[in-house]
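Below is one structure; the comments refer to it alone.
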Amino acid sequence: MEDLDPTYIQAPEHRSDSNFIPNQPEEIPVIDLSRLDDPEDVQNVISEIGDACEKWGFFQVLNHGVPSDARQRVEKTVKMFFDLPMEEKIKVKRDDVNPVGYHDGEHTKNVKDWKEVFDIYFKDPMVIPSTTDPEDEGLRLVYNKWPQSPSDFREACEVYARHAEKLAFKLLELISLSLGLPKERFHDYFKEQMSFFRINRYPPCPRPDLALGVGHHKDADVISLLAQDDVGGLQVSRRSDGVWFPIRPVPNALVINIGNCMEIWTNDKYWSAEHRVVVNTTRERYSIPFFLLPSHDVEVKPLEELVSPENPPRYKGYKWGKFYVSRNRSDFRKLEIENIQIDDFKVKT
Ligand code: OGA
Ligand code: NI
């Protein structure tokens, strides 16, 4: 066996074999959105989405409206980019001023992930707070980085992202309806949305028993829409007991999951599940998540309509932009302490 750089080694309780029971009969739901064309079926689709958000925090969608040629084009062009020599890739490397572009050393909970990534803001430029200081109202603009080669990288990504964003809002409306809220309840939170998307490449790994492609984590966003190839490796922890389940690759499907903002808005009715990526010794894997994020000035706290004297708010509010800038500083280097987590905002009972 080859040696593995110790920075990649997961603690024993977080490795790929922990709490994973193969061949479970249950599966994460796959929902066909073409059923929305049948007026008699719309309500069923909405309640299936609601049930999945409550029970798993994850589901997959088919016939979702993101064209497969847009997806194939982006998959092809990003492979060409990742296959370039390192000296080319680091020309568009992430830095402190504009924390997007290429990066190969992300830490999740202070252990290094076995992956390379490329991050792209949906809005270019994007508005974010200048500092983490809660008193400081200053804002700044951040800009995407684009590689020179392959030449259609930018356009392929922008076209795909526009489709993904459209689907994100459609899902947001369905989720709103599933909560008994007006369809557009959440829309105002996205006037200066901070959404971004990411291309993940997980190279073959000599020790998939010790390292992970992404360590266990919850997404901090509202919802994530993920295109994965046919290799597999994404796993989700079941809400009821924490057992890990694979998210089976389904051709042309997108994987949808609830992030922390939605979990907090719904006062824990909907679940933001822990998930992780298991790697393997032979095949590289690609995935493309689109993370739907609110505007920097949105206060994330339980919605008034969803709290009551019997169901009091479980979280204090926090300003989304300030959370993002604090998190972003700590994500890409190892810190002596754990970075901020959503549980830090839980109301102590
Ligand atoms: C992520 C993530 C899963 C995957 O990037 O946050 O969970 O399958 N990715 O790549
Ligand atoms: Ni994730």
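Counting starts at 1 for both ligands and their atoms, following the listed order. In this text, all values refer to a predicted model and were calculated from it rather than measured experimentally.
Atom 8 (O) of ligand 1 has as its closest protein heavy atom R285 NH2, 2.9 Å. For atom 3 (C) of ligand 1, the closest non-hydrogen atom of the protein is V277 CG2, 3.5 Å. The single protein non-hydrogen atom nearest to atom 9 (N) of ligand 1 is Y202 OH, 3.7 Å, given as residue, atom name and distance. With hydrogens left out, the protein atom closest to atom 1 (C) of ligand 1 is H217 NE2, 3.8 Å, a heavy atom.
If you look at L226 next to ligand 1, the close heavy atoms, those under 4.0 Å, all belong to the side chain. Heavy atoms of F291 found under 4.0 angstrom from ligand 1 belong exclusively to the side chain.
Aromatic rings from F196 and Y121 are positioned such that their centres are separated by 6.0 Å or more. A ring-centre distance under 6.0 Å is not found for F197 and F122.
The heavy atom nearest to atom 5 (O) of ligand 1, out of those in V231, I288, N200, is found in N200.
Within 6.0 Å of atom CD in E26, more than 12 heavy atoms from other residues, nucleotides or ligands are found, so the atom counts as buried in its surroundings.
Without hydrogens or angle criteria, W244 side chain to H275 main chain gives no donor-acceptor distance under 3.5 Å. A donor-acceptor contact shorter than 3.5 Å is absent between the side chain of T132 and the backbone of S326.
R35 and D38 are not joined by a salt bridge, as no carboxylate oxygen comes within less than 4.0 angstrom of a charged side-chain nitrogen. The existence of a salt bridge linking D209 and R15 is excluded, since no basic side-chain nitrogen approaches an acidic carboxylate oxygen closer than 4.0 Å. Ion pairing between a basic and an acidic side chain is recognised when a charged N comes within 4.0 Å of a carboxylate O; K89 and E116 show such pairing. Salt-bridge annotation for R248 and D230: absent, with no side-chain N of the basic residue lying under 4.0 Å from a carboxylate O of the acidic one.
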Please tabulate, one pair per line, all N/O donor-acceptor pairs under 3.5 Å involving side-chain atoms of residues 174-190, not counting sequence neighbours.
from : atom 1 : to   : atom 2 : distance (Å)
S176 : OG     : P182 : O      : 3.3
S178 : OG     : I175 : O      : 2.6
S178 : OG     : Y270 : OH     : 2.6
R185 : NE     : E305 : OE2    : 2.5
R185 : NH1    : Y189 : OH     : 3.3
R185 : NH2    : E305 : OE1    : 3.2
R185 : NH2    : E305 : OE2    : 3.4
H187 : NE2    : E173 : OE2    : 3.4

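Under a 4.0 Å heavy-atom criterion, H275 is in contact with ligand 1.
Looking only at protein N/O/S atoms, the ones less than 2.8 Å from the Ni ion (ligand 2) make 3 in total.
The D219 neighbourhood of ligand 1 comprises atoms 6 (O), with distances under 4.0 Å to a heavy atom of that residue.
To the nearest 0.5 Å, atoms CG (L171) and CD1 (I223) are separated by 5.0 Å.
Taking distance alone, with nitrogen or oxygen atoms compared against 3.5 Å, R198 stays at or beyond that limit from ligand 1.
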